[in-house]
Amino acid sequence: MLFAAGSYERFLFGFEWDQEQATSSLTKSFTHPAHKGAIRSIAAAGPFLACGGSEDTIHIYNLRTNKDLGFLMAPGEGAVTAAVFHTPTGRSTPTHLLTGSADGSLSIWGVGGEWTCLKTFKAHTKEVTGVAVHPSGRVALSISRDGTLRIWDLVKGRSTFATKLPQAAEAITFSPSGDVYALLAGAVLSMHSVAAESSTALATLSHERRVLCHAFHGEDVLLTGCDDGSLHAWSIPVSGCMGGSPGGGAGLHTQSRER
């Protein structure tokens with residue numbers, strides 16, 4: 001398994017983990033000077049990795065062939081602050097890349113070949129902080145520092161709904177089935193139903209420290225990582241924190257796992 005991480009010092013790092021070995025140690029796979037400034041976003045799917053920089057470029061790599069595919073110039077102004085690939089069901093290679101920029105714009109790219117920018121929207125009034133594509137490929141969600149969440153009809157190429165959030169969100173992710181999406185804001189991660197007419201959260205996962213990242217592990221588990229180095233595993237439907245730092249949930253038995 002390959003892990004990739006971007007740094008404020010412009011470097012992109014790759015680490016290999018041997019799943020068959022009973023160890024948590026990682027082996028460095030590569031180090032690339034990917035941008036002139038800080039790396040602001042990373043997305044990976046199939047053989048491709050895309051990272052957005054603070055200087056409005058997107059660097060593309062083929063990790064399978066270990067080849068640098070060059071740069072894309074983002075149509076928006078400022079840093080490329082969000083990126084996500086879409087891989088259709090049944091395929092191993094993504095077909096599209098969505099990126100968000102500091103000026104609030106959202107762009108859709110064709111993957112492979114010339115990596116053409118197919119469409120750019122003026123999505124938000126401030127920096128795009130997250131983008132998520134539904135597994136069907138027909139709908140996308142975007143969030144921004146302007147405090148709004150927008151729903152995009154990718155077939156018709158337009159926004160169909162916008163709502164003001166209680167506070168600006170920092171990341172958004174669909175579950176593998178697309179039935180639920182998770183919305184991250186500070187130390188709170190909320191779960192929402194895609195089918196519900198109301199934006200009321202199905203569950204709210206509160207942490208003592210700021211959450212830096214989250215990921216679904218299948219349909220039954222949601223993982224969250226905090227700025228104190230702790231990792232929390234939540235059962236879905238949310239019935240409690242299965243592991244994490246003390247205080248992960250009221251009345252729940254928890255245990256600590258440090259980096």
Side-chain angles (χ1 to χ4, degrees), residues 6 8 35 37-43 50-58 72-86 96-109 117-134 137-175 178 180-194 196 198-202 204-205 207 210-216 224-225 227:
Y8 286 109
H35 292 276
I39 295 176
R40 297 292 306 276
S41 57
I42 294 181
C51 57
S54 58
E55 75 286 1
D56 71 16
T57 61
I58 306 160
L72 304 175
M73 292 298 299
E77 295 182 3
V80 179
T81 53
V84 64
F85 281 104
H86 171 62
H96 294 85
L97 170 68
L98 276 70
T99 60
S101 295
D103 67 347
S105 62
L106 180 68
S107 298
I108 303 175
W109 305 80
C117 183
L118 306 174
K119 185 82 173 178
T120 297
F121 307 96
K122 181 56 180 175
H124 297 274
T125 59
K126 293 183 179 180
E127 175 184 310
V128 176
T129 54
V131 184
V133 182
H134 191 269
R138 300 175 63 88
V139 175
L141 303 176
S142 65
I143 52 175
S144 166
R145 292 196 185 280
D146 64 12
T148 61
L149 179 150
R150 282 190 175 272
I151 300 176
W152 298 89
D153 184 328
L154 298 180
V155 177
K156 297 180 179 179
R158 60 185 177 88
S159 175
T160 58
F161 179 77
T163 185
K164 191 75 173 178
L165 300 172
Q167 68 179 100
E170 300 158 18
I172 189 167
T173 310
F174 277 109
S175 65
V180 172
Y181 66 91
L183 196 62
L184 172 62
V188 177
L189 192 140
S190 55
M191 309 285 292
H192 302 262
S193 171
V194 172
S198 169
S199 59
T200 302
L202 296 173
T204 300
L205 315 181
H207 302 71
R210 180 174 176 235
V211 180
L212 299 180
C213 58
H214 71 280
F216 283 93
T224 56
D227 65 3

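Everything numeric in this text was worked out from a predicted model, so none of it was measured.
Between the side chain of S41 and the main chain of V80, a donor-acceptor pair closer than 3.5 Å is present. Under a 3.5 Å cut-off, the side chain of K164 and the backbone N or O of D146 do form a donor-acceptor pair. Between the side chain of H134 and the backbone N or O of G178 there is at least one donor-acceptor pair closer than 3.5 Å. Judged purely by atom type and a 3.5 angstrom limit, S144 uses its side chain to pair as donor or acceptor with the backbone of E127. Judged by distance alone, the side chain of R150 and the main-chain N or O of A123 form a donor-acceptor pair under 3.5 Å.
For the pair I172/L149, a side-chain contact is recorded, criterion being any heavy-atom separation below 4.5 Å from C-beta on. Proximity of V133 to L154: side-chain heavy atoms (C-beta onward) are separated by under 4.5 Å at one or more points.
Considering all non-hydrogen atoms of both residues, A74 and W109 come closest at CA-CZ2, 4.1 Å. Nearest approach of L184 to V211, heavy atoms of both residues: CD1-CB, 3.4 Å. S193 and Y181 make their closest contact through O-CE2, 4.4 Å (heavy atoms, listed as atom of the first residue, atom of the second, distance). Contact between G6 and I42 at its shortest, heavy atoms only, is N-CD1, 3.3 Å. When all heavy atoms are compared, the tightest approach of D103 to G76 is OD2-CA, 3.3 Å. Pairing each heavy atom of A140 with each of L98, the nearest pair is CB-CD2, 4.0 Å.
Atom NZ of residue K119 and atom CZ of residue R158 lie 11.5 Å apart, to the nearest 0.5 angstrom. Rounding to the nearest 0.5 angstrom, the gap separating the CZ atom in R40 from the OG atom in S101 is 10.5 Å. Taking CE from M73 and CG from D56, the interatomic distance works out to 4.5 Å, rounded to the nearest 0.5 Å. Here OG1 of T163 is found 13.0 Å from CD1 of I143. Values are rounded to the nearest 0.5 Å. One distance of note links CZ of F161 with CG of D153; it measures 14.5 Å at 0.5 Å rounding. Atom CG of L106 and atom OG of S142 lie 5.5 Å apart (nearest 0.5 Å).
Applying the salt bridge (Lys or Arg N to Asp or Glu O under 4.0 Å) test to R210 and every residue at least two apart in sequence or in another chain returns E170. Taking A82 as the reference, V128, V131 meet the side-chain contact (heavy atoms from CB on, under 4.5 Å) condition, with sequence neighbours excluded.
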**Request:** Decide yes or no on side-chain contact (heavy atoms from CB on, under 4.5 Å) for L183 and L165, but give the supporting numbers first.
**Result:** CA-CA 10 Å; L183 196 62; L165 300 172; 3.9 Å; yes
**Prompt:** Hey, mind stepping through V188 and Q167 against side-chain contact (heavy atoms from CB on, under 4.5 Å) and telling me if it holds?
**Reply:** CA-CA 11 Å; V188 177; Q167 68 179 100; 5.8 Å; no
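Counting only N and O atoms by type, the side chains of S107 and T120 include a donor and acceptor under 3.5 Å apart. No hydrogens or angles considered: nothing links the side chains of H35 and S54 as a donor-acceptor pair under 3.5 Å.
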